[in-house]
Amino acid sequence: MPVVSLNMMKRWILLFWFISVLSACVRVGTETTPVPATESTSQAWWRNAVFYEIFVRSFYDTDGDGIGDFNGITQKLDYLKQLGINAIWLMPIHPSPSYHGYDVTDNYAVNPQYGTLEVFKHFLAEAHKSGIHVIMDLVLNHTSNRHPFFVDALKGPTSKYYDWYIWSNTQKGSNWHQVTGATPKFYFGLFCDCMPDLNYNNPEVTAEMLKVTNFWLNDIGIDGFRVDAAKHLIEEGDKVENTPATHEWLKGFYTAYKRQNPQAYTVGEVYGAGSSIVKSYTGNQLDQVFNFEMASGFIGGASGGSNSGINSALKFSLQDMPDFNFATFLTNHDQNRVISVFNGELGKAKVAATMLLTSPGTPFIYYGEEIGMSGVKPDEDIRSPMQWSNQANAGFTVGRPWRMPNKDYTFVNVSAQQSDPESLFNHYRALIALRHEHPALRSEKINLLSTNNPGVYAVLRTSENEIILVIVNLTGETVSDYALTLEEGVLTKSSYRAESLFGGGQAEGLNGNGGFSSYKPFEMLSPYGSYIIQLIP
Ligand code: CA
C-alpha cells in the first residue's frame, strides 16, 4: 500500500541521512549530534503553506483612484493573518495595456497603477515580517504585442529581437496573426494577437527570462513564481501543449532558478491536469503543479452530494503521485466562482472548503472565496472588487471602482462575516488554523474510508504522531445511515478514544486492531456537516 511504502521509504531516507551526517561528523572529527529531521523541517516551506491568490487591482484601493494597489494589500495583511494564510500568489503586477496584466510590457517594472517598486518592496518586507511568503505570476509563454521587444521585432529579420518570436510567411491557422506591411506576414500567438509567443528555441530568450527570475528572486526578494501557461512553452508541429521540448526546457529552467535561490518555489499552471500529467512536470521541472482533477473532485462532491468524484481523484493521486506534492484549489481567476457553481448554497461551499483544507497537497484560496463572493464569466466579473463591508463600493474604494462590486456586498462582506461564528469566513479560518496546528492534516498520508453511503466522505489523515479522521456529510439531509470501514493496517493499537477537533459533539471511540469496520463516531451527521476528530490511543 502507498501509505506503508511511503513510511518505509521515509525511514530508509532518514536512516541514510543519519548515516551520512554521522560519517560527515566523524570525518571532520566533531562530536556534533545530528538533529533528527522532524515533520516540519523535512519538508520544503510550500508543503506547509496555505496560499491566497490576489488580483491586486481588485483587492483594496488606498488612494481613491478606484484601482487596488500594493499599499492596499499591506493594509490588509492583518486580515490575511486573521484568516490564517501564510503565503500569497499575486496575479501579474507588471506594466500592461490590459486590466488583467497577462500581456506584459516590462518584466522588470511594476504597474504604476499599483504603486512604485519601492512601495512593492515595502509590502514584501511587511509580508515577510508576518511570516507570509510571496510568489507572483511569471508569464513566460508570451509578451504583450506592445512590449518593446516585439515592437522592434516587427521591423523584420534585421531586428535583434526578430528571432525572439515565431514567424511565418503563410497563414497556418487561427493562432497566427497577420502583420500589415511586414515580412514575414504572420506571427504565432496562442492566446490572442495581443500576446505573441516567445521563441524558446532561441537561447537568448531563455537567458533573458532567467535574468528576469534572478531580478525578482535576488534583487527584490520574492519567494517564487506561479508559472503561467506552463504547458504551452514550446510548440512542436501542430502540438501546442505538453511537448517533449517544453519538458526539456523546464528541466533547464528548474536547475537555473534553484541555482539562483534553492528555496525558490514554482507552481505551474497546466490547465486541466490530473495527477498523471501533474507528475510529468514535477520533481525536476516545477516544484508543484495545480491539480485540476482534485479541484473537480472537491467541487463535484459538494455540488452533486456524492463522494465518487473526489474518491476517484484521490485514488488517481495515490496511484500516480502518492507524495501529493501538488497544489490544490477549488476555482481560480479563470473559472466561475465556486459559490456561483453551487448556486449560492453556503452548505456546499463549506463542505468543499473542508475537503480542500483537510486534503494532502498545498491549498490555494482565491481571494473572496472565503466569504462566498459570487461571479460568473465574463472574466471581469470573476475578478470583481473584494467585498470588505456594507459601505459604498463594498468598502473597496472611496473613489469610482474600476469595476462595480457584486450587488450582494451589502450582506456578503468581510465585516459581517468576521462577527458571525457560523459564517463561511469563520469556517475557513478554523480549518486553516487546524491545518497549521495538526501535521496529520497537511501530511501526504491519507486513507480513503468506505462509508456505506455515497453522500458521506471520510478519510483518515496520519502523521508520525497523529491520527485524524475527517467526515463530511455532502448532502443537505441529516444522515444516520452510514458506517466507516478501514481495511488497511494503519491503526496499530487495540483501542482509541476520540477527541472532537471540529464540528462539535462527543464522538464514540473505537477498537482498532489494524483497521476497523462499522464505526459510527456520531449517530447523526447534520446537513452539510463537517467533523474532524483525533483518535488517541
Ligand atoms: Ca489605487
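Both ligands and their constituent atoms are indexed starting at 1 by order of listing. In what follows, residues are counted from 1 in the order of the sequence shown. Just so you know, these numbers use all the heavy atoms, side chains as well, and skip hydrogens, waters and symmetry mates. Note that the structure is predicted; figures quoted are calculated from it, not measured.
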### Sub-3.0 Å protein N, O or S atoms surrounding the Ca ion (ligand 1)
D61 OD1, D63 OD1, D65 OD1, I67 O, D69 OD2
### Message
Please enumerate all residues that pass side chain to side chain contact (heavy atoms under 4.5 Å, CB included) together with A245, with sequence neighbours excluded.
### Response
I234, E236, T243
### Query
Pairs in or reaching into residues 45-68: which pass salt bridge (charged side-chain N to carboxylate O under 4.0 Å, His left out), with residues at least two apart or in two chains?
none
#### Entry: Test: R383 and D334 ion pair at under 4.0 Å
yes
Check residues 85-94 and write down every donor-acceptor pair under 3.5 Å in which the side-chain atom is one partner and the other belongs to a residue at least two apart or another chain.
residue: N86; atom: OD1; partner: V50; partner atom: N; Å: 2.7
residue: N86; atom: ND2; partner: N48; partner atom: O; Å: 3.2
residue: W89; atom: NE1; partner: D137; partner atom: OD2; Å: 3.0
residue: H94; atom: ND1; partner: A109; partner atom: O; Å: 2.9

### Message
Run N145 and H177 through side chain to side chain donor-acceptor pair (under 3.5 Å) and show every step you take.
### Response
CA-CA 11 Å; N145 62 346; H177 310 287; over 6 Å; no
### Task
Output yes when a side-chain donor or acceptor of R226 lies under 3.5 Å from a complementary backbone atom of L138, and no otherwise.
no
